[in-house]
> 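I have a structure I would like to understand better, so I am pasting it below and will then ask my questions one at a time.
Here is the naming used below: chain letters follow the sequence lines, and residue numbers restart at 1 for every chain.
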2 protein chains.
Amino acid sequence: MKKKETVALDSTCSKELMAATDTLTILNGKWKIQIIATLNYSGPLRFMDLQRLIKGIGSKMLSRELQDLETNLLVKRTVLNTRPMTVEYELSPHGKSLERIINSMRLWGKAHRKKIAARN
Amino acid sequence: MKKKETVALDSTCSKELMAATDTLTILNGKWKIQIIATLNYSGPLRFMDLQRLIKGIGSKMLSRELQDLETNLLVKRTVLNTRPMTVEYELSPHGKSLERIINSMRLWGKAHRKKIAARN
DNA sequence: CGGGATCCCACCGGATACTG
DNA sequence: CAGTATCCGGTGGGATCCCG
């Protein structure tokens, strides 16, 4: 017997496309990629260290973007029992799984720059 | 003599990361991915056909997003000599080169949904 | 048919100040 | 140290109307 299709295939298959848009939305925001890349490169970092490493970001934005990433389980937040308090942020395995995609985007972006530059 | 580094390698190598952010920016906007995927699937389409296929988009947004994509050389716009006028849009080869990335994002997005759903 | 012009609002993101 | 509160300008995107 014939296996039933799990997804209705309309012309654009927008149900499937939503997953791509989800990824875009999660990565969106002025600092998300830098935060992820910084944590991926440097390992666990405290709030202030992140702010120092990511040039130009304010504490409000850093805080909000980290909360977004934590909500999406990409970043783990750990409060250390010290005085004054310190908090460590680190990429979760799920967060690290973004490395391949970010790298693809980095490569495509570089190729794209050349295309645009050659456009005159 | 020593070749000079073209990019200063700070801890996060933000110059390289910019290319990834570029890609994000180009793909950003509520409808870009749908437009690209629709053109990729259906081939050349007229303005109205696109609007019919992409449920919910208004003419203003469709127009603006298409202009963005055209500026970035992802889409080719062709005005046909008919009455009343018709315009055809199609993906450029450069635009088609996004297919792999969009597909990666689609797969990651699906995996991410499961992760989030299992979070309880 | 293929858009542009206008209005409108929600949200993004920066600056500054403040708190436990 | 690690944030939150507040204010504020800019932009994204929808609705509607209009034009060649």
> Side chain of A/Arg77: nearest nucleotide among C/dG3, C/dG2, D/dA2?
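Nearest nucleotide to the side chain: D/dA2.
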
> Give the rounded distance in Å between these two atoms: CG of A/Leu62 and P of C/dT16.
18 Å

> Whole angstroms only, please: what is the CG-C1' distance between A/Asp49 and D/dA2?
12 Å

> Is there a residue in residues 66-73 of chain B whose heavy atoms reach under 4.0 Å of DNA chain D, and which residues are they?
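Correct list: empty, so none.
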
> In the 5'-to-3' direction, what one-character label does each nucleotide of nucleotides 6-20 of chain D receive under the scheme B = base within less than 4.0 Å of a protein heavy atom, S = sugar-phosphate only, - = no such atom?
BB-----BBB-----

> Which part of the nucleic acid, if any, lies within contact of B/Arg46, taking any heavy atom under 4.0 Å across all strands shown: a base, the sugar-phosphate backbone alone, or nothing?
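Touches sugar-phosphate only.
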
> List the residues meeting side chain to side chain donor-acceptor pair (under 3.5 Å) with A/Asp49, not counting sequence neighbours, and say none if there are none.
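Per chain and number, A/Asp49 pairs via side chain to side chain donor-acceptor pair (under 3.5 Å) with A/Arg46, A/Arg52.
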
> My understanding is that only residues two or more places apart in sequence, or in another chain, count here; which of them pass side chain to side chain donor-acceptor pair (under 3.5 Å) with A/Thr86?
A/Thr82

> CZ of A/Phe47 versus P of D/dC1: gap in Å, rounded?
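Taking CZ of A/Phe47 and P of D/dC1, I get 11 Å after rounding.
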
> From C-beta outward on A/Met48, which listed nucleotide comes closest to its side chain: C/dG2, D/dC1, C/dG3?
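Looking only at heavy atoms from C-beta outward on A/Met48, the closest nucleotide is D/dC1.
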
> If the plane angle is over 60° it's perpendicular, under 30° parallel, otherwise tilted; pick one for A/Phe47 and A/Tyr89.
tilted

> Residues in side chain to side chain donor-acceptor pair (under 3.5 Å) with A/Glu70, at least two apart?
none

> Test of understanding: with side-chain contact (heavy atoms from CB on, under 4.5 Å), list the residues that count as partners of A/Met85, not counting sequence neighbours.
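Counting only residues at least two positions away or on another chain, A/Met85 forms a side-chain contact (heavy atoms from CB on, under 4.5 Å) with A/Val79, A/Val87.
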
> Which pairs pass salt bridge (charged side-chain N to carboxylate O under 4.0 Å, His left out) with one or both residues in residues 84-98 of chain A, sequence neighbours excluded?
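Non-adjacent pairs meeting salt bridge (charged side-chain N to carboxylate O under 4.0 Å, His left out): A/Lys76-A/Glu90.
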
> Any salt bridge (charged side-chain N to carboxylate O under 4.0 Å, His left out) involving residues 100-110 of chain A? Give me the pairs, sequence neighbours left out, ordered by first then second residue.
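Passing the test, one end in residues 100-110 of chain A: A/Arg106-B/Glu16, A/Lys110-B/Glu16.
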
> Reckon A/Ser63 has a side-chain N or O less than 4.0 Å from the OP1 or OP2 of D/dT4?
yes

> Reckon A/Tyr89 has a side-chain N or O less than 4.0 Å from the OP1 or OP2 of D/dG3?
yes

> How many whole angstroms separate atom CD1 of A/Ile35 from atom P of D/dA2?
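Going from CD1 in A/Ile35 over to P in D/dA2 covers 14 Å.
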
> Rounded off to whole Å, could you give me the CD1-to-C1' distance for the A/Ile54 and C/dG13 pair?
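Rounded to the whole Å, the gap is 15 Å.
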
> Can you name the side chain to side chain donor-acceptor pair (under 3.5 Å) partners of A/Trp108, sequence neighbours left out?
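Side chain to side chain donor-acceptor pair (under 3.5 Å) check on A/Trp108 returns B/Ser97.
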
> Pick one: which of A/Ile36, A/Asn40, A/Leu91 meets side-chain contact (heavy atoms from CB on, under 4.5 Å) with A/Glu99?
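Exactly one pass, corresponding to A/Asn40.
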
